[in-house]
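Values reported hereafter were calculated over all heavy atoms of this structure, with side chains retained and with hydrogens, waters and symmetry mates removed. Letters A, B, ... mirror the listed sequences (proteins, then strands); counts begin at 1. Just so we're clear, the structure is a prediction, and the values are computed from it rather than from any experiment.
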Amino acid sequence: MVKYIFKRIAFALLTFLIIVSLCFVLIKLLPITDAAQFGQDASVIETRRKLLGYYDPLPKQYVTFLTKTLFGGDWGVGEQIYRTKDVWEIFVEKLPPTMLLNVYSMVFAVPLGLAFGIYAALKKNKWQDHFISTSVMIIVSVPSYVYAFLVQYFLCYKLGWFPFLMKEGTDYLSWDMFVSVVPAVLSLSFGTIAGLTRYTRAELTEVLTSDFMLLARTKGLTKAQATTRHALKNAMVPIFPMIVGEFIGIISGSMIIESIFGVPGVGGLYIKSITGNQGNPDYNFFMLLSSFYTLIGLLSGIVIDLSYGFIDPRIRMGER
Amino acid sequence: MANNTFNKKIADMDNLPVIAKEKFQFAQRDGAIHDTKLETKPIGYFKDAMSRFKKNKSSVVAAFIILFLVIYSIVVPIAFANNYNTSLGDNLFLEYGKLLPKAEAFLWAGWDGCKNVELGANDYNIRRAIGVETGLSPIVTAEKFTTVDETNGKTYTKYRVKLDTYYDLGMYIIVVNKENYKAIMSWQDEHQIQVIFPAVDYKAQDSTNAQRLTERTANIWYKCNDKGVPTLDQEGNFQNIYKISNGSDNYSSLRLESDPGTWSYAAITGAADMDENGNIIYDADGFPEGGVSYKLRVCKYTYFQYIYGIEPSFVFGTNSVGQDIFYRLAQGAQFSFMLAVSVSAINLTIGAIYGAIEGYFGGAADMLMERIRDVLGGIPFTVLTTLFQLHFADKVGVVGALLFAFVATGWLGMAGTVRMQFYRFKNQEYILSARTLGAKDSRIMFKHILPNALGTIVTSCVLVIPGVIFSESSLTYLGIINLESSRWTSVGTMLALGRDYLSNYPHIILFPALFISMLEISFNLFGNGLRDAFNPSLRGSEG
């Protein structure tokens, strides 16, 4: 098991390195955009280019990038957006809103999704099940931004319950802040609830029809006991990794929801880094965020796989 | 008891009816005995799947909705093209932005381009003035009521108005040259529709502020106060401040009914050509030659009729930049479909070949190719799209770069599916026999295994389409890519255009959002139906 974990992590790191290197090369092949803060003075621009090693051969630049940036943690300063501010610091600043939003949405969505799924599975082929399954089918398909528009129009505008945009400031745990993120949380949750419901229902119905459930009932357990102690535990084996995967994903967030509700998060930063200043992307931010998204993606893959073995020791990861 | 009935039966046997011997005949005296040919038709793999698919009602409905949407996207850009929606990039478009949906056939259902608003007395009068001048009143119905302001205890008169957004467009000032001026006049004479309205003498306003306001706002043709609120006379009528003509406007066309014949219809700017004696040169119609232009006050509604030859009426309304949503959405849909289908087809080709090689040969080749797939799969899609846009957008265009991005990692999933199918089939007996008979690897792969895997492949092909459309709309919504051109647009761009007007003009977002929701739902239903039809064993397991 330990060997397997190390193998997975080593391979993920290798993949990460390859992708980041690819990104680096592709960015370096683009024409140089000079930092906007130094104006038009040619001599200053030239000095800066030399200092930053723009004229070095690519392999040398690559080594500098690896040692100084990727492992050294110095991602440079903002050149087009957040000029002269440290890229890493801005990035860290943007993490809390994104995480806050996604933690709330998970806290809201996971219990509901599980509850609906369990209910539908227990009422299999009755009208409740048909109703839930049909709604889930529809809700899963509709894109999240459509919910965002619906929430914004009805809850924020027509009823006026919530503000249109997320509150500014850094008091992330205050009540006002909570109210202002509710629309975004709701829009994010619909899809998660529906997805989880569908998955839970499918897994649980399969477990409920298996032989050991019959045995549990024969030896005298009530239906409730059998379901909670035996069926749910077994159904959780594939469901739990899915939830864990979503939790990892919370740091990367949803760009589209963040942009609709004006959340000052990582997704917004990424879009800003691309659109940049007058069409000039900010490559420093772009490199950091690309690496970040890649790492999160790879990490969640590993964690999902490992959590299978963790929740059910009978599953030995890495064996064929 | 039982014995009794048995005995009775025996007794019945004795009383059997007597049938004459000649009534009997041999069943087959001469005919050869053989199996009859099967009357029913053989059911193949696809026919079997089709019959299963037909039983799934929701999928069939979904298939019809998809068909309907496809037809919409193909037919509308051809059949509903008119002078307005094909002439994009015109500054005039902005003048016709944010009009509400209006369909001639559904006027009774409230689909009439009107909205219900509450107007204060001043706003109400400004709207009324438009109606009085043009005869096209924006106020369809009005209901007067009074409210009391809680804070200062004053009573206000207000109106609940059903406002026609098309007539509410009002006036606007255009500057045209001599030829256009003549053309508008002759069009007016021909159609008997008033386009040009009398010029306004803004100096006739009492206060300087009102003068400035009148100069800026084309809608004011009446005496008003500093805020543009009409000053009414004793009978409650508007008092016009039209300019009196000095004859230089050369206007010789329709006049307003109330016009005594003296009002000026154009303000003249620019210098006319002079001959050497300093006299203005006139053309045959009596218009001065040279750089003279005419500043006209035109009614937007009738000017639209003049320019585009149709009355403004938009089934889905217009968006914030004046595009006809009904037409533009069809263009966006067409683009989405074409992109999704080509991505799906290319993915299928690359994925099938790659997955076939992986699955068929297995071993080290499989191991290596799987690792390549892992690495490529680790690249976040947004990052990939951005990089492709930065690199290729200049060379192959935005659409080309987007297509590349979709294809670059899109085939990974297809390759995985095909690989699994190959693992499933490659050790079966019929493959062994084909190999024994000397079939080449390529023949076994594409002639013997692939057709068996076709059902699964078709299903995943279909399920790729909603994913592509969703990603594309998200990316265009976020502005990471911009597909907007005269020929193409994207549903995402249309949504982004409506975002700032969500509260007051929800229709701009409603129709694109409705379209994409319907599309996603029906494609998912259709895809699931296909999967159930091709793989009955998978039925019920979602995802």
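Of the atoms belonging to Y145(A), it is side-chain heavy atoms, and not backbone ones, that fall under 4.5 Å from chain B. At a 4.5 Å heavy-atom cutoff, the contact between I379(B) and chain A is made by backbone and side-chain atoms alike. If you measure heavy-atom distances from L26(A) to chain B, the contacts under 4.5 Å come from both the backbone and the side chain. Both the backbone and the side chain of I138(A) have a heavy atom closer than 4.5 Å to some heavy atom of chain B. In this structure, chain B has a heavy atom under 4.5 Å from the side chain of T275(A), while its backbone stays farther away. Heavy atoms closer than 4.5 Å to chain A are found nowhere in L475(B), neither backbone nor side chain. In this structure, chain B has no heavy atom under 4.5 Å from any part of Y147(A). Both the backbone and the side chain of I256(A) come within less than 4.5 Å of a heavy atom of chain B. Using a 4.5 Å cut-off between heavy atoms, I139(A) makes no contact with chain B at all.
Pairing each heavy atom of Y199(A) with each of P238(A), the nearest pair is CE2-O, 3.5 Å.
The closest side-chain heavy-atom distance from K28(A) to Y283(A) is not below 4.5 Å. Inter-residue side-chain proximity for F11(A) and D374(B) is flagged as met; some heavy-atom pair is nearer than 4.5 Å. By the 4.5 Å heavy-atom criterion applied to side chains, L30(A) and I27(A) are counted as neighbours. For the pair S259(A) and Y477(B), the minimum side-chain heavy-atom distance is below 4.5 Å.
Across H391(B), R371(B), E520(B), the residue that shares the most heavy-atom pairs under 4.5 angstrom with chain A is H391(B). Of all the listed residues (I260(A), V20(A), L14(A), V146(A)), the one sharing the greatest number of non-hydrogen pairs under 4.5 Å with chain B is I260(A). Note on L525(B), L502(B), I480(B): by heavy-atom pairs under 4.5 Å with chain A, the leading option is L502(B). Of the listed residues (T294(A), L22(A), T205(A)), the one with the most heavy-atom contacts under 4.5 Å to chain B is T294(A).
When only modelled atom types and interatomic distance are considered, Y505(B) and D500(B) share no side-chain donor-acceptor pair under 3.5 Å. With 3.5 Å as the limit, one finds a donor-acceptor pair spanning the side chains of Y270(A) and T386(B). With no hydrogens or angles considered, a side-chain donor-acceptor pair links S58(B) and N56(B) at under 3.5 Å.
Checked by atom type and distance alone, the side chain of T318(B) pairs as donor or acceptor with a backbone atom of K98(B) at under 3.5 Å.
Residues of residues 125-134 of chain A lying within less than 4.5 angstrom of chain B, judged on heavy atoms, are absent.
Once rounded to the nearest 0.5 Å, the distance linking CD of E472(B) with OG1 of T385(B) reads 11.5 Å.
Crowding of F116(A) atom CZ: a count of heavy atoms from other residues, nucleotides or ligands under 6.0 Å not exceeding 12.
Between F381(B) and the options F406(B), F470(B), F388(B), a ring pair (Phe, Tyr, Trp, His ring centres under 6.0 Å) holds for only F406(B).
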